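Being a predicted model, the structure only gives us computed values, none of them experimental.
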Amino acid sequence: MKAWVVEKQDKIENNPLELRELPVPEPKEGEIRIKITHCGICRTDLHIAEGDIPLSKKPVVPGHEIVGIVDKLGHGVKKYKKGDRVGVSWLYWTCGECKYCKRGDENYCPHIKRTGYDVDGGFEEFIVVNEDFAFDLRNINLKSEDLAPIMCPGITGHYAFRISEVREGERLGMLGFGPTAYYILRVAKSMGIEVYISTRSEEHKRIAEKYGADWVGNLANEKFPKKVDAFIFFPTAGTLVERALENTLPAATLVLGAVTMSPITISNYTANLWGRKIKTIYQVRRDYGNEFLEYANRLNLTIEKEIVKFEEVPEAMLRLKKGEINGMVQVIEF
Ligand SMILES: [Zn+2]
Ligand SMILES: [Zn+2]
């Protein structure tokens with residue numbers, strides 16, 4: 001099968017992705033093999049290709065927003081049959097036996113395996129996965145090209161939304177408006193939550209307004225119209241954290257979505273931090289993922305996207321880096 005692999009990390013301009021021929025994987029006990037039809041391209045894939053994140057295996061096939069059709073069953077598979085539609089996210093496998101798995105916090109499992117990072121991901125034609133870790137997409141009415149981005153920004157956004165503890169009738173602020181924030185906006189608006197969004201991109205401002213944001217501006221030089229009950233923050237600039245906190249009410253939760261962050265400075269503890277909670281998103285988890293799929297199905301959550309041919313993946317990733325994509329996300333169609 002054809003696969004895009006990263007062996008030597010480098011700037012995307014220097015083509016770190018190589019097209020190779022790999023053997024089609026065989027499903028083991030409890031595993032299903034998926035013929036991939038769609039895979040979203042994520043900024044994390046760009047970080048893996050460019051070396052912002054060290055490689056966990058070498059070479060590796062990136063891609064963790066996978067949708068496809070079951071084409072072969074390993075021994076003992078119970079849930080699925082050939083022809084069923086399933087998805088695979090960043091969470092490829094967890095042990096099920098450690099204290100975190102046992103208490104329902106599998107995203108903290110120290111033995112976690114991540115798709116397109118610890119194991120080969122979706123920039124290839126087939127993948128095998130344990131049936132318990134595939135998302136069941138048989139009863140979801142969205143197209144596969146709309147389901148692929150749900151496998152990462154969708155379910156990650158829902159995780160952030162859940163731990164932000166924002167409730168119906170309250171106000172939610174967000175700094176940064178990418179695909180993850182887009183899904184949060186859609187769900188929040190469906191629940192009668194007022195949403196304020198800070199973004200610099202004109203294209204993102206347009207999309208945020210189109211989908212019902214109550215205020216769209218730039219916290220760099222203005223404030224939210226009212227203080228918010230919860231705040232979801234995407235940048236990696238720690239210097240902006242206090243700017244976000246200045247716009248929150250006491251008792252608010254601030255959720256940080258980044259994997260890396262420059263030093264965070266809080267100069268006015270009493271005014272800006274006292275009484276607030278700060279949480280971070282850590283990996284992803286199946287329970288929030290399945291919950292989000294129900295929302296996505298009910299709300300018919302499509303997304304503005306660019307369809308990419310398999311052969312065009314390197315060029316597509318260059319456009320992602322330059323911020324030149326049409327819409328919010330890119331999805332590879334096989
Ligand atoms: Zn991702
Ligand atoms: Zn575990």
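- With Tyr92 as the aromatic partner, Arg114 does not meet the cation-pi criteria of under 6.0 angstrom to the ring centre and within 45 degrees of the ring axis.
- Side-chain contact between Phe123 and Val5 is absent, with no heavy atoms from C-beta onward closer than 4.5 Å.
- Aromatic rings of Phe224 and Phe231 (six-membered ring for Trp) have centroids within the 6.0 Å cut-off, being under it.
- Judged purely by distance below 3.5 Å, without hydrogens or angles, the side chains of Thr253 and Arg276 never pair a donor atom with an acceptor atom.
- Side chain to side chain, Glu333 and His38 meet the donor-acceptor criterion of an N or O pair below 3.5 Å.
- Cation-pi contact between Arg171 and Tyr196: absent, since separation from the ring centre below 6.0 Å together with deviation from the ring axis within 45° is not met.
- At a threshold of 4.5 Å between non-hydrogen side-chain atoms, the residues Trp93 and His111 count as touching.
- The aromatic rings of Tyr288 and Tyr159 sit tilted relative to each other, their planes meeting at an angle between 30° and 60°.
- Aromatic ring orientation, His204 versus Phe177: perpendicular (interplanar angle above 60°, classes split at 30° and 60°).
- Under the 6.0 Å cut-off for aromatic ring centres, His158 and Tyr295 qualify, their centroids lying closer than that.
- The nearest pair of heavy atoms linking Asp120 to Ile127 is O-CD1, 3.4 Å.
- Here the closest non-hydrogen pair linking Gly63 and Thr115 is O-CG2, 3.6 Å.
- For the 3.5 Å distance criterion, the side chains of Glu124 and Trp4 fail to qualify, holding no donor opposite an acceptor.
- Both tests do not hold together for Arg186 against Tyr183: distance to the six-membered ring centre under 6.0 Å, angle to the ring axis within 45°.
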